[in-house]
Every structure is written in structure tokens, then in C-alpha cells.
*Asks:* 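Sharing a structure here in C-alpha cells format.
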Protein chains: 2
Amino acid sequence: MTDVKSINNPLFLREEELRQAIELLFFAYRDFTAGPDEILKDYKFGRAHHRVIHFVGRNEGMTVSELLDILRITKQSLNRVLSNLIQRGFVEQRQGEEDRRQRCLYLTEEGRHLEQKVSRVQRELVANAFREAGGEAVAGYRKVLTGLIDETNRDTVLSRILKT
Amino acid sequence: MTDVKSINNPLFLREEELRQAIELLFFAYRDFTAGPDEILKDYKFGRAHHRVIHFVGRNEGMTVSELLDILRITKQSLNRVLSNLIQRGFVEQRQGEEDRRQRCLYLTEEGRHLEQKVSRVQRELVANAFREAGGEAVAGYRKVLTGLIDETNRDTVLSRILKT
DNA sequence: GATTTTACGTCAGTCATGTTGACATATATT
DNA sequence: AATATATGTCAACATGACTGACGTAAAATC
């Protein structure tokens, strides 16, 4: 394939490399979400429910506005999903102790069970990819993905991810 | 934060690491798609249109069924988006030469222009992340994301990505 | 040459998830 | 007492997915 582009245009290979990296991310993300989607279908939940369960599970007691800030959707969009999860007993709200306007969010036992079940397939997928790729590659994965996060709130996002 | 989990449970750190890797992918993908979304809004196109323009741009002359196979959506879903793009002059169809049932897809000049414009912001984002992370990290990124692709058709997908 | 299969298009209805805009209620803050 | 904030809710709408049914032209097969 020694065509004119790769001979004459030094930027061509770079552009091609970037395009491949973009598609790789597209396909990886597609398959990365396929497992959870499959499981959640049995519960008649969608990806929006998954996100709520995931983030509430990782941040027990978080408020509605914190969740809105992470998901970057409107409160009306969230509310449909959230009230559904509450009604069906996967998430519960408690009034904030300091600020009683706040509704702090928790997974119920059933919610935690679903979170585990869904999270497991995803963790196994990632664990396999990590194992195959090796430790050095994992460090590179982290570096590059970190660099893809919007610079203006990268620190906020990272602290949210890393906070245990 | 030396709590009981990290002392007693050797799997805890690993699970935590995996959960962080999962969130990292979530946030990176969110910000990775934000740029294109912004531009396409001006054209009243959505992410579905973007995907069509992207893949047709990368595979000029591909058939409808090849596109369906990549996108993993129904032909009815595709058709709304595709016929919209054709009507508005961003994509064109030509009858297949060998098999005249096929409709081969091409970007028009206008389509190519939009593809370039949208692709550029995404390539710049990835290029910055690559530059900051360094070549070794990029190799790791590729390895891990490759491992995330569904094993059963990984080879097919990879050959599609790499075919220049 | 007739039949069947394939590639594609299309109509109709539904669902999930996002949006905007308006308004209500309880609690905190000033 | 007035205002701001956190949340909830109603209504209308857009996008992009889905299923199911049916049509048409061209290729493949019997």
C-alpha cells in the first residue's frame, strides 16, 4: 500500500493513526457497555438506570445535585429514572442531616445486589483486558484516557474517580 | 484511609482499581464525544448522523448492510438518519456495479467537508492526549482497548479499523 | 423459466432518554 | 421578612433506538 499519500504527506500517517485510535475507542466502548445492557434488560432498566446505580453505589449518600453534575443531564431526565428506581426499591433517599433540603441517595440491598451483578461482568471484561495487556499497558491506558478528559474540570473528575 | 477492606481483603485493591478504570472510560468517552456533538448541533444532526458520516468517510463505497453490521442497529433506525443525510446532500448512493441490489455509499463534497470539520476536533483531542502521554502509553492504550473488544469478532473489527 | 433468497426501502407504532419551560414546596441564607 | 437554593413535577417535544409487516428489484437456485 505504498501510495502517494504516505510518501508525500508526512501528516498522513499521523492522521491515520489518530483515526484508528478514535475507532478503537468507539468499538471498545460499544462492547464495554454491551454486557450491562444485556443484564439490565431483564429488569427493564436501561443505560440511564445503570449510570445512576453505578454512581450511587460508588458514592453512597451523594445528593441529587451531585449526581446531576456527574451525569450532565437535566433534573427532569434524572427524575424519571430515579423515581423509577426508588419506586421499585433499588435506591432510597434520606433527608440530609445538615441541610434538610438535600435528598441523599443510597442503594437498597436489592440495589446493591444488582449493582454487584452488573458491575461484575464489566470488571471481568476489564480485568481480562488488563491481564492480557500487562501492567505497563495499563498505565498507558490510564494516562491516555486521563488526557481525553476535558482539561477544564479534569482535576475534579479525577478526584471523584480516585476518592475511595 | 487504611481501612479494614484494604488490610484484610487482597481483592479489594484490585476491585477498586477496576472500578476506577471503568469510570475513567466513562468520563473519557463522555468528553470524547462532546466536541462533535457541539458542532453537529449546528447542522441539526445527532450522534447517529455522525457515526454514519464517520464510517462512510472511512469506507467509501461501503454497502448499506456493511454499515448496518458496524453500527449494530436496525435498518429502520439507520434509514431515517441515512435518508436524511442523502436528502440534505451529505451522502450519496450509487448502485453496486457487480451486484446491482446493493447501494454503495459515498460522501458528497459537502459531506466530506463536514466529516473533516468534525473529525478534526476529535483528532486534536486525541493528538493532545497522545502527546501528553507519550508513545509507550499510546501503545498501552491500544493494547487495553483492543482487549476490551468482544473476543468473538475482535479480528473482524480490528481488520476494519486497520484497513487503510 | 419459475421460484426463492437477498439487499434494500418504507409504513406504522412504541419505548427510552434526552430537551425546554413553567411552577410548587420546603428549607437555608441574608 | 425576603430571597436563594435543593428538589420535585407537569407538559410538550426531539432523537434515536425497537418490532412487525409489507413491497420491490435483482441475484441465485431449482
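So you know, we letter chains A, B, ... as the sequences are listed, proteins then strands, and number each from 1.
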*Asks:* Tell me the interatomic distance from Leu78(A), atom CG, to dG18(C), atom P, rounded to whole angstroms.
*Replies:*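 Between P of dG18(C) and CG of Leu78(A): 9 Å.
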
*Asks:* Ignoring the backbone of Arg101(A), work out which of dT7(D), dG16(D), dA6(D) is nearest its side chain.
*Replies:*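 From the listed options, dA6(D) comes nearest.
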
*Asks:* Think Thr63(B) has a side-chain N or O under 4.0 angstrom from the OP1 or OP2 of dA7(C)?
*Replies:*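 No.
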
*Asks:* Check whether Phe45(B) forms a cation-pi arrangement with Arg88(B) (NZ or CZ under 6.0 Å from the six-membered ring centre, at most 45° off the ring normal).
*Replies:* yes

*Asks:* Quick one: Leu67(A) CG to dA6(D) P, roughly how many Å, whole number?
*Replies:*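 After rounding, the gap between these two atoms is 15 Å.
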
*Asks:* Output the rounded distance in Å from CG (Leu68(B)) to C1' (dT6(C)).
*Replies:*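 Result: 14 Å.
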
*Asks:* Give a yes-or-no answer on whether the side chains of Arg58(B) and Gln20(A) include a donor-acceptor pair shorter than 3.5 Å.
*Replies:*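 Absent: no donor and acceptor within the cut-off.
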
*Asks:* Using only side-chain N and O atoms of Gln93(B), determine if any of them is under 4.0 Å from OP1 or OP2 of dG9(C).
*Replies:*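 Indeed, a polar side-chain atom of Gln93(B) lies that close.
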
*Asks:* Closest nucleotide of DNA chain C for His49(A) versus for Glu97(A): which of these residues is on the 5' side?
*Replies:* His49(A)

*Asks:* Would one find a side-chain N or O of Arg100(A) under 4.0 angstrom from OP1 or OP2 of dA26(C)?
*Replies:* no

*Asks:* Is any NZ, NE, NH1 or NH2 atom of the basic residue among Arg154(A) and Glu132(B) found under 4.0 Å from an Asp or Glu carboxylate oxygen of the other?
*Replies:*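 So Arg154(A) pairs with Glu132(B) through a salt bridge.
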
*Asks:* Taking Leu114(B) as the starting point, is it possible to reach Tyr106(B) by hopping between hydrophobic residues whose side chains are less than 4.5 Å apart?
*Replies:* no

*Asks:* So what does Glu66(B) hit on the nucleic acid, given a heavy-atom distance under 4.0 Å: a base, only sugar-phosphate, or nothing?
*Replies:* nothing

*Asks:* Between C1' on dG23(D) and NZ on Lys75(B), what's the gap in Å once rounded to a whole number?
*Replies:* 10 Å

*Asks:* Tell me which one of Asn59(A), Val56(A), Ile73(A) satisfies side-chain contact (heavy atoms from CB on, under 4.5 Å) with Leu67(A).
*Replies:*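 It is Val56(A); the other options fail the test.
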
*Asks:* Please tell me which of Phe45(B) and Cys104(A) maps to the more 5' nucleotide of DNA chain D, matching each residue to the nucleotide holding its nearest heavy atom.
*Replies:*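 Final value for this comparison: Cys104(A).
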
*Asks:* Asp99(B) CG to dT6(C) P: how many Å, rounded?
*Replies:*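 Asp99(B) atom CG is separated from dT6(C) atom P by 12 Å.
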
*Asks:* Rounding to an integer number of Å, can you tell me how far Arg47(B) CZ sits from dT19(C) P?
*Replies:* 11 Å

*Asks:* Looking at Thr74(A), I'd like to know whether one of its side-chain N or O atoms comes within less than 4.0 Å of OP1 or OP2 on dG18(C).
*Replies:*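 No, because none of the side-chain N or O atoms of Thr74(A) sits under 4.0 Å from OP1 or OP2 of dG18(C).
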
*Asks:* Just how far, in rounded Å, is P of dC8(C) from CG of Asp69(B)?
*Replies:* 12 Å

*Asks:* Would you mind telling me which of dC10(D), dA6(D), dT19(D) lies closest to the side-chain atoms of Gln76(A)?
*Replies:* dC10(D)

*Asks:* Does anything in residues 80-90 of chain A come within less than 4.0 Å of DNA chain D? Heavy atoms only, and list the residues if so.
*Replies:* none

*Asks:* On the six-membered ring of Phe55(B), is Arg160(B) placed so that its NZ or CZ lies under 6.0 angstrom from the centre and within 45° of the ring axis?
*Replies:* no

*Asks:* In whole angstrom, give the distance that lies between atom CD of Gln102(B) and atom C1' of dA28(D).
*Replies:* 14 Å

*Asks:* Does a nitrogen or oxygen in the side chain of Arg103(A) sit under 4.0 Å from OP1 or OP2 of dT27(C)?
*Replies:* no

*Asks:* Does OP1 or OP2 of dC18(D) have a side-chain N or O of Ser77(B) closer than 4.0 Å?
*Replies:*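 For Ser77(B), the contact criterion (side-chain N or O under 4.0 Å from OP1 or OP2 of dC18(D)) is met.
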
*Asks:* Would His49(A) and Tyr43(A) count as a side chain to side chain contact (heavy atoms under 4.5 Å, CB included) here? Give the steps.
*Replies:* CA-CA 10 Å; His49(A) 301 86; Tyr43(A) 293 78; over 6 Å; no

*Asks:* Hey, quick one: are Ile70(A) and Leu158(A) part of the same hydrophobic cluster, counting side-chain heavy atoms closer than 4.5 Å, chains of contacts allowed?
*Replies:* yes

